[in-house]
Number of protein chains: 2
Amino acid sequence: MAISKSEEFTKIENKISDWAKALSHPARIKILKILAQKNVCMCGDIVDLMPLAQATVSQHLKELKRVGFIKGEIEGPKICYCLDYSTVTEAQKKLNELFDGIIIIK
Amino acid sequence: MAISKSEEFTKIENKISDWAKALSHPARIKILKILAQKNVCMCGDIVDLMPLAQATVSQHLKELKRVGFIKGEIEGPKICYCLDYSTVTEAQKKLNELFDGIIIIK
DNA sequence: ATCGTTCATCGTAAATATACGATGAATATT
DNA sequence: AATATTCATCGTATATTTACGATGAACGAT
């Protein structure tokens, strides 16, 4: 947000911070858990489980899609959202590498 | 940011998203790496390694301190910043629990 | 006491995030 | 073709983030 000097940082620093940004709202954490644990994938079903309006949930889904945590498959007038495990796994791995680099050394 | 309905979500959802928010800027990722890997702790030294003005770095340090990732110990006119390993470790653990819950199930 | 160093905070400008109602686009059904 | 359903996007209001220069507070040294 706002005049960010992202060119001044490394690719991995930008990538990790971008993933973290996608996780930086409790609604998006909750959406990821819903998609993983409930047998649910449609936007409307997610809205029913969330304390937010449909438009707001849609915005959060867009942000999760932007970083690749979820994919949306069109099924007629519906869209079935599902987790993209490869991206989620990659994010976990890189975040752990960051944490390990921070914690182990010294 | 902005009219966030944080009461509507669980404590852990808010906590994880708060940690993620602290990691959601490449400058803060870089600061954490600097504190871990370089023999550096003073704000001025960090500023010298960053492509940002002193005031901006100070703001990022404040955000990292807010969530407990770093502590600041006063040494005369200087302040020695250091990582708070217990908080960083806790964040890593909870983030991994989130990821594992998302990835393993299903 | 004065001066220099170090860092936080103030003030400000511009961009982004959050939230919602309203509307629009796409498709399935009748 | 008309209708209903589903979801995205528009428009809008407000809050937060990011960035910087300027200033202030705190301390050590002279």
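The sequence lines fix the lettering, A, B, ..., with proteins before strands; numbering per chain opens at 1.
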Here the distance between atom P of C/dC7 and atom CG of B/Leu61, to the nearest Å, is 9 Å

Whole-Å distance, A/Lys21 NZ to D/dT16 C1', equals 13 Å

Rounded to whole Å, the CD1-C1' distance (A/Ile29 to C/dT18) equals 16 Å

Whole-Å distance, B/Ile46 CD1 to C/dT5 P, equals 20 Å

Residues at least two apart in sequence or cross-chain that pass side-chain hydrogen bond (donor to acceptor under 3.5 Å, both in side chains) with A/Asp18, listed by chain then number, are A/Arg66

Heavy-atom closest pair (B/Leu61 atom, B/Ile70 atom, distance to 0.1 Å) is O-CD1, 3.5 Å

_Just so I know, are the side chains of A/Phe99 and B/Leu23 near enough to count as touching, which here means a heavy-atom distance under 4.5 Å?_
yes

*B/Lys78 side chain N/O closer than 4.0 Å to the phosphate oxygens (OP1, OP2) of D/dG28?*
no

From CE of B/Met50 across to P of D/dT18 the rounded distance in Å is 12 Å

Checklist entry - Under 4.0 Å between a side-chain N/O of A/Arg28 and OP1 or OP2 of C/dT18, yes or no? => result yes

For nucleotides 19-23 of chain D, give me every protein contact, N/O to N/O, under 3.5 Å, one pair per line with atom names.
from: D/dA19; atom 1: OP1; to: A/Lys5; atom 2: N; distance (Å): 3.1
from: D/dA19; atom 1: OP2; to: B/His25; atom 2: NE2; distance (Å): 3.3
from: D/dA19; atom 1: OP2; to: B/His60; atom 2: NE2; distance (Å): 2.8
from: D/dA19; atom 1: N7; to: B/Gln59; atom 2: OE1; distance (Å): 3.1
from: D/dC20; atom 1: OP1; to: A/Lys5; atom 2: NZ; distance (Å): 2.7
from: D/dC20; atom 1: OP2; to: B/Ala53; atom 2: N; distance (Å): 3.0
from: D/dC20; atom 1: OP2; to: B/Thr56; atom 2: OG1; distance (Å): 3.0

Rounded to whole Å, CG of B/Leu23 lies from P of D/dT18 at a distance of 12 Å

Rounded to whole Å, CD of A/Glu63 lies from P of D/dC7 at a distance of 20 Å

Quick one: do B/Leu32 and B/Leu83 satisfy side chain to side chain contact (heavy atoms under 4.5 Å, CB included)? Show the steps, please.
CA-CA 7 Å; B/Leu32 291 177; B/Leu83 292 165; 3.6 Å; yes

The contact string for nucleotides 25-30 of chain C, one letter per nucleotide 5' to 3', using protein heavy atoms under 4.0 Å with B, S and - for base, sugar-phosphate only and none, comes out as --BS--

One should read off an interatomic distance between A/Lys71 NZ and A/Lys65 NZ, to the nearest 0.5 angstrom, of 12.5 Å

### Query
Would you call A/Ile12 and A/Leu98 a side-chain contact if the rule is heavy atoms closer than 4.5 Å?
no

Atom CG of A/Asn14 and atom P of D/dT18 are separated, to the nearest Å, by 13 Å

In this structure, CZ of B/Phe69 is separated from CG of B/Asp84 (nearest 0.5 Å) by 9.5 Å

ask   = Hey, are A/Glu73 and A/Lys78 close enough for a salt bridge, meaning a charged N less than 4.0 Å from a carboxylate O?
value = no

*Can a salt bridge be assigned to the pair A/Lys15 and A/Glu90 using a cut-off of 4.0 Å between side-chain N and carboxylate O?*
yes

